[in-house]
Amino acid sequence: MSTEVATHEQAKLRLSERSSRAEDGQTPVRRQFVNFAFYHVRPEWRLLDERIKEEAKREFINTVDEFRRQLIIQTYSLIGLRTDADFMIWRIGYELDPFQEMSARINRTALGRHLEVAQSYLSMTKRSIYMDKENPEHVEDRLHIIPGKAKYLFVYPFVKTRAWYALPFDERQEMMDEHIRVGSRYPSVKLNTTYSFGLDDQEFVVAFETDEPADFLDLVQDLRETKASMYTLRDTPMYTCRLRALNEILDEIG
């Protein structure tokens, strides 16, 4: 489905230290790095002594908490929702160094030795080249992201066909206008769009926040019928994530 423009992008925003070039004569702005890291717990973890696991969970939580001064961090459970991932850490920061330092520290923890990274998406914030004519004040929304508190987050990579980029800009804008009109029917769903051109295997990473999974399902189905959907090359795998505190997530993994 097409994701270049979406309505009701209501995320409150924070800037990164990486500055973008000035676009359309506007003042240069600082942008964010964004990462969605999905973890799978190896089965042997559940066979460990309970005392060892409790100590390992405390160490893991303390390690993650140490990086909250440098990164915006939010955690989600996927227990029972997918077979290839048990939890996800959503990280937003100013530079790439803290992302790598945090991952390295996690790898050295007792629990980290029982974790596999099932998937990790890297992206950045960026202004959209398309106009949201109904809500022009949203032009800056993609530059700054702070996760909300919705119960569910739906995350997936997104790639358009090369034919999309060969179309005249006005034709693409017209299709995005249709996309906006469809999205406006689902105000309970908030979209965070980030860009991966040259950084990762996808072109975009999209993360939809909502308390109503049924609304997201209906939105995706409706967007399948838009003209822009014909230019979708890939928009899987799709991850359904439930907002949970890290200590609750670690209790769930057994």
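Position 1 is the first residue of the sequence; numbering continues from there.
The structure places CG of Asp218 at 4.5 Å from OH of Tyr186, a figure rounded to the nearest 0.5 Å. Put simply, CG on Leu115 and CZ on Phe38 are 14.5 Å apart, with the number rounded to the nearest 0.5 Å. Rounded to the nearest 0.5 Å, atoms CZ (Arg42) and NE2 (His114) are 8.0 Å apart. With rounding to the nearest 0.5 Å, the separation of CG in Asn247 from CZ in Arg58 is 12.0 Å. If you take CD1 on Ile249 and CG on Leu78, they are separated by 8.5 Å, rounding to the nearest 0.5 Å.
Results of the ring pair (Phe, Tyr, Trp, His ring centres under 6.0 Å) test with Phe87 over Phe36, Tyr39, Tyr76 single out Tyr39 as the only residue that passes. Remark: of the listed residues Ser123, Ser120, Ser103, Ser120 is the sole one forming a side-chain hydrogen bond (donor to acceptor under 3.5 Å, both in side chains) with Asn35.
Side-chain heavy atoms closer than 4.5 Å link hydrophobic residues (I, L, V, M, F, W, Y) into clusters, and following such links, possibly through other members, connects Phe60 to Leu48. Leu233 and Leu199 fall into different hydrophobic clusters, defined by Ile, Leu, Val, Met, Phe, Trp and Tyr side-chain heavy atoms under 4.5 Å apart, directly or through other members. Residues Leu219 and Leu217 do not share a hydrophobic cluster, clusters being chains of Ile/Leu/Val/Met/Phe/Trp/Tyr side chains in contact below 4.5 Å. One hydrophobic cluster, built from ILVMFWY side chains closer than 4.5 Å, cannot hold both Leu81 and Val155; they sit in different ones. Both Tyr231 and Phe169 belong to a common hydrophobic cluster when Ile, Leu, Val, Met, Phe, Trp and Tyr are linked at side-chain heavy-atom distances under 4.5 angstrom.
For the pair Thr226 (side chain) and His179 (backbone), a donor-acceptor distance under 3.5 Å is absent. The main-chain N or O of Gly148 is found under 3.5 Å from a side-chain atom of Glu209 such that the two form a donor-acceptor pair.
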Audit row: Val34, Val205, side-chain contact (heavy atoms from CB on, under 4.5 Å) steps and yes/no: CA-CA 9 Å; Val34 182; Val205 182; over 6 Å; no
Step by step, would you call Ile92 with Ile146 a side-chain contact (heavy atoms from CB on, under 4.5 Å)? CA-CA 8 Å; Ile92 303 168; Ile146 290 181; 6.0 Å; no
Phe67 and Ile106: side-chain contact (heavy atoms from CB on, under 4.5 Å), yes or no, with the steps? CA-CA 11 Å; Phe67 285 87; Ile106 285 175; over 6 Å; no
Worked verdict on Glu203 versus Trp164 for side-chain contact (heavy atoms from CB on, under 4.5 Å): CA-CA 13 Å; Glu203 295 172 352; Trp164 168 263; over 6 Å; no
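The ring of Phe204 has its center closer than 6.0 angstrom to the ring center of Phe197.
In terms of heavy-atom proximity, Leu71 sits nearest to Gly93 at CD2-CA, 3.6 Å. Closest of all the heavy-atom pairs between Ser77 and Glu252 is OG-OE1, 2.7 Å. Closest approach of Gln74 and Pro147 over heavy atoms only: NE2-CB, 3.3 Å. Nearest heavy atom pair, residue Trp45 against residue Ala56, reads CH2-CB, 3.7 Å.
Ring pair Tyr156/Phe208 is parallel by interplanar angle, where below 30° counts as parallel and above 60° as perpendicular.
Residues satisfying the salt bridge (Lys or Arg N to Asp or Glu O under 4.0 Å) test with Lys53, not counting sequence neighbours, are Glu50. Remark: Glu66 engages Arg105 in a side chain to side chain contact (heavy atoms under 4.5 Å, CB included) (not counting sequence neighbours). Residues satisfying the salt bridge (Lys or Arg N to Asp or Glu O under 4.0 Å) criterion with Glu55, sequence neighbours excluded, are Arg51. Partners of Glu178 by side chain to side chain donor-acceptor pair (under 3.5 Å), not counting sequence neighbours: none found.
In summary, the side chains of Ser188 and Asp211 do not present any donor paired with an acceptor at a separation below 3.5 Å, with no hydrogens or angles considered. Glu59 and Thr109 are not linked by any side-chain donor-acceptor pair at a separation below 3.5 angstrom, with hydrogens and angles left out of the test.
By the neighbour-count criterion of 12 heavy atoms within 6.0 Å, atom CD of Glu171 is densely surrounded, having more than that number from other residues, nucleotides or ligands. Summarising the local packing, CD of Glu44 is surrounded by more than 12 heavy atoms from other residues, nucleotides or ligands at distances under 6.0 Å.
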Just list the side-chain donor-acceptor pairs under 3.5 Å for residues 236-243, sequence neighbours left out, or say none.
none

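Counting only heavy atoms from C-beta outward, the side chains of Pro157 and Arg234 approach each other to under 4.5 Å. Counting only heavy atoms from C-beta outward, the side chains of Lys57 and Glu54 approach each other to under 4.5 Å.
Between Arg244 and Asp251 there is no salt bridge, since no side-chain N of the basic residue sits under 4.0 Å from a carboxylate O of the acidic one.
Listed by first then second residue, pairs satisfying salt bridge (Lys or Arg N to Asp or Glu O under 4.0 Å) with a partner in residues 82-94 read Arg82-Asp84, not counting sequence neighbours.
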